[in-house]
Undergrad: 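Okay, here's the structure, questions in a sec.
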Amino acid sequence: MQRGALWNVLRALVVTALFQARTVPATDVNSQVLDACSGYDATNVKTAGATLTADLVLNGDGCAVFGPDVKKLGLKVVYETNTRIHVKIVDANATRFEVPESIFPRPAADKHVSPKAAAIQFNYTASPFSFSIYRTQSREVLFSTASHALIFEPQYLRVKTNLPDDANIYGLGEHTHPFRLPTDNTTLTLWSRDAYGIPVGTNLYGNHPVYFEHRTTGTHGVLLLNANGMDIKLTKAGGTALEYNVIGGVLDFYFLAGSTSDPTAVARQYAEVAGTPAEVPYWSFGLHQCRFGYKDFVDVAGVITNYSAAGIPLETMWTDIGDFQSLS
């Protein structure tokens, strides 16, 4: 066989192999297939005051969706306040990236919290492992992974919770979806990007993996503190559900009880975790003008002059990044 013909055959074989390697896992992300994965079993469960710890041991061979399943995980549940539960699941034998404390300082836990007196409760099933968060008084379930296998791989984490029909979900920004998120086959991608023209239904600059759910019985919140790229899916097939699909890191959840009577309470509880907004300077409250594409300083000066001529007060003039291109 001539060298050119041999090269063409080898190239065809490589392309075919790569195509198959890329397409085979795609059949595994079917929600029903993932729900049927073997998941984990909770063992060595220990409770000490407001803290619960356990080992999560892979049940069977796992799913191997995008790589081998981690065989042993560590679970830690802490009732940090009467309205906040911290649930963290990590690789028991390897360190994985977490949002640094220097960037996102973790809130301190109240040492005097009694789980029995808390507004929400953590409950779990040992085999296969699943957990739920419910209101103490009414026993209303707010978050439940029942019937949805936990998947924890080096580059793929999956957690899925059931939701009420036509749930009122808000958040998971930054995006251009409606304020009240559609629950029928909506995927929210958390991956920072500059979306020129701000197209509808897409991800934008910031990532805030927190959602508030408003019900007639109250409002609560869920934060997944994870800085990796992720798709969060809202689906109705087989019952309304919210599904996290994350490409790395750990599962670091904060569950916020909110209130059964005050919808704004959950925002204050979230601020206890994420911090309150920084105080802004007085001048920032004025009118700001910004646009990408000014040609030069003369163009910018003309805009300022026109504001003055029209009698419109202008506090700040922004020129975006265009003026820096000549300096690079």
Undergrad: Hey, does the side chain of N168 reach the backbone of H214 with a donor-acceptor pair shorter than 3.5 angstrom?
TA: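 Here the side-chain-to-backbone pair exists.
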Undergrad: For the pair T186 (side chain) and P182 (backbone), establish whether a donor and an acceptor sit closer than 3.5 Å, ignoring hydrogens and angles.
TA: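 At least one qualifying donor-acceptor pair exists.
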Undergrad: Are D91 and K71 within salt-bridge range, i.e. N to O under 4.0 Å?
TA: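 No.
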Undergrad: Examine distances only and state if a side-chain atom of H148 and a backbone atom of S144 form a donor-acceptor pair shorter than 3.5 Å.
TA: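 Checking the backbone N and O of S144 against the side chain of H148, no donor-acceptor pair under 3.5 Å is found.
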Undergrad: Side-chain contact test, heavy atoms from C-beta onward, threshold under 4.5 Å: evaluate it for F104 versus R106 and give yes or no.
TA: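 Contact flag for F104/R106 side chains = yes.
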Undergrad: Above 12 or not: heavy atoms from other molecules or residues under 6.0 Å from CD1 of I198?
TA: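 12 or below, so no.
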Undergrad: Are the aromatic rings of F143 and F131 close, with centres under 6.0 Å apart?
TA: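 For F143 and F131, the ring centres are under 6.0 Å apart.
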Undergrad: Please state whether the rings of F255 and F253 are parallel, tilted or perpendicular, taking 30° and 60° as the class boundaries.
TA: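 Parallel.
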Undergrad: Test of understanding: with side-chain hydrogen bond (donor to acceptor under 3.5 Å, both in side chains), list the residues that count as partners of Y282, not counting sequence neighbours.
TA: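 Per chain and number, Y282 pairs via side-chain hydrogen bond (donor to acceptor under 3.5 Å, both in side chains) with no residue.
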Undergrad: With heavy-atom distances below 4.5 Å as the criterion, would you say the side chains of V77 and H86 are in contact?
TA: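 A side-chain contact under 4.5 Å is absent here.
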Undergrad: Can you find a heavy atom in the side chain of V141 that is under 4.5 Å from one in the side chain of I133?
TA: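 They are not in contact (no side-chain heavy atoms under 4.5 Å apart), so the answer is no.
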Undergrad: Give a yes or no on whether E315 atom CD has more than 12 heavy-atom contacts from other residues, nucleotides or ligands under 6.0 Å away.
TA: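 More than 12 heavy atoms, drawn from other residues, nucleotides or ligands, come within 6.0 Å of this atom.
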Undergrad: Which heavy-atom pair separates P107 from R84 by the least distance, and what is that distance?
TA: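 Heavy atoms only, the tightest pair is CB-NH2, 3.5 Å.
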Undergrad: Taking distance alone, no hydrogens or angles, what donor-acceptor pairs closer than 3.5 Å link side-chain atoms of residues 48-68 to residues at least two apart or in another chain?
TA:
| residue | atom | partner | partner atom | Å |
| --- | --- | --- | --- | --- |
| D55 | OD2 | N44 | ND2 | 3.3 |
| N59 | ND2 | D41 | OD1 | 3.4 |

Undergrad: Please give me the minimum heavy-atom distance between I85 and F122, naming the atom from each residue.
TA: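 Of all heavy-atom pairs spanning I85 and F122, the closest is CD1-N, 3.8 Å.
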Undergrad: Should D35 and R158 count as an ion pair when the cut-off is N to O under 4.0 Å?
TA: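 R158 and D35: salt-bridged.
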Undergrad: Any chance the side chains of Y254 and E80 put a donor and an acceptor closer than 3.5 Å?
TA: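 Short answer, no.
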Undergrad: Within the 4.5 Å heavy-atom criterion, are L181 and H175 side-chain neighbours or not?
TA: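 Yes. Closest side-chain heavy atoms under 4.5 Å.
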Undergrad: Does a donor on one side chain sit under 3.5 Å from an acceptor on the other, for Q121 and N123?
TA: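 Checked: Q121/N123 side chains show no N/O donor-acceptor pair below 3.5 Å.
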Undergrad: Does a donor on one side chain and an acceptor on the other come within less than 3.5 Å for K160 and S31?
TA: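 Indeed, the side chains of K160 and S31 share at least one donor-acceptor pair under 3.5 Å.
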Undergrad: Taking atom OH of Y124 as the centre, report whether more than 12 heavy atoms of other residues, nucleotides or ligands fall under 6.0 Å from it.
TA: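 12 or below, so no.
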Undergrad: Quick check against the 3.5 Å criterion: does H208 have a side-chain atom that pairs as donor or acceptor with the backbone of V210?
TA: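 Side chain of H208 to backbone of V210, a donor-acceptor pair under 3.5 Å: no, none is there.
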Undergrad: Taking side-chain hydrogen bond (donor to acceptor under 3.5 Å, both in side chains) as the definition, give me every residue that meets it alongside R96, ordered by chain and number, with sequence neighbours left out.
TA: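 Per chain and number, R96 pairs via side-chain hydrogen bond (donor to acceptor under 3.5 Å, both in side chains) with no residue.
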Undergrad: Which heavy atom of G221 sits nearest a heavy atom of F212, and at what distance?
TA: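 For G221 and F212, the tightest heavy-atom pair comes out as CA-CD2, 3.9 Å.
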Undergrad: For S38, check side-chain hydrogen bond (donor to acceptor under 3.5 Å, both in side chains) against everything at least two apart and list the hits.
TA: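 Not a single residue meets the side-chain hydrogen bond (donor to acceptor under 3.5 Å, both in side chains) criterion with S38.
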Undergrad: Is there side-chain contact between Y134 and I120, with heavy atoms separated by less than 4.5 Å?
TA: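 When only atoms from C-beta onward are counted, I120 and Y134 do not touch, as no gap falls below 4.5 Å.
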Undergrad: Checking side-chain polar atoms at under 3.5 Å, does T219 have a donor or acceptor matched by the opposite partner on R215?
TA: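 On atom types as modelled, these side chains do not qualify, holding no pair under 3.5 Å.
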Undergrad: Quick one: does any side-chain atom of T202 pair with a main-chain N or O of P199 as donor and acceptor, under 3.5 Å?
TA: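 No, because the side chain of T202 does not come within donor-acceptor range (under 3.5 Å) of the backbone of P199.
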Undergrad: Any non-hydrogen side-chain atom of R193 less than 4.5 Å from a side-chain atom of N203?
TA: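 Touching, per the 4.5 Å side-chain cut-off.
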Undergrad: List in chain and number order the residues that pass side-chain hydrogen bond (donor to acceptor under 3.5 Å, both in side chains) with D194, two or more places apart in sequence or in another chain; answer none if no residue qualifies.
TA: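 Partners of D194 under the side-chain hydrogen bond (donor to acceptor under 3.5 Å, both in side chains) test: Y205.
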Undergrad: Mark yes when over 12 heavy atoms from residues, nucleotides or ligands other than K236 sit less than 6.0 Å from its NZ; otherwise mark no.
TA: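 It does: K236 NZ has more than 12 such atoms within range.
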Undergrad: Please check this pair: side chain of S259 against backbone of S261, looking for a donor-acceptor N/O pair closer than 3.5 Å.
TA: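 Answer holds: yes.
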Undergrad: State whether the side chain of T136 and the backbone N or O of A119 hold a donor-acceptor pair below 3.5 Å, judged by distance alone.
TA: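 Checking the backbone N and O of A119 against the side chain of T136, a donor-acceptor pair under 3.5 Å is found.
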Undergrad: Output side-chain donor-acceptor pairs under 3.5 Å for residues 222-235, partner residues at least two apart or in another chain, one line each.
TA:
| residue | atom | partner | partner atom | Å |
| --- | --- | --- | --- | --- |
| N226 | OD1 | N228 | N | 2.7 |
| N226 | OD1 | N228 | ND2 | 3.1 |
| N226 | ND2 | G248 | O | 3.0 |
| N226 | ND2 | V250 | O | 2.9 |
| N228 | ND2 | G248 | O | 3.3 |
| D231 | OD1 | T189 | OG1 | 2.7 |

Undergrad: Quick check: are there more than 12 heavy atoms from other residues, nucleotides or ligands sitting under 6.0 Å from CD of E101?
TA: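 Atom CD in E101 is crowded, with more than 12 foreign heavy atoms closer than 6.0 Å.
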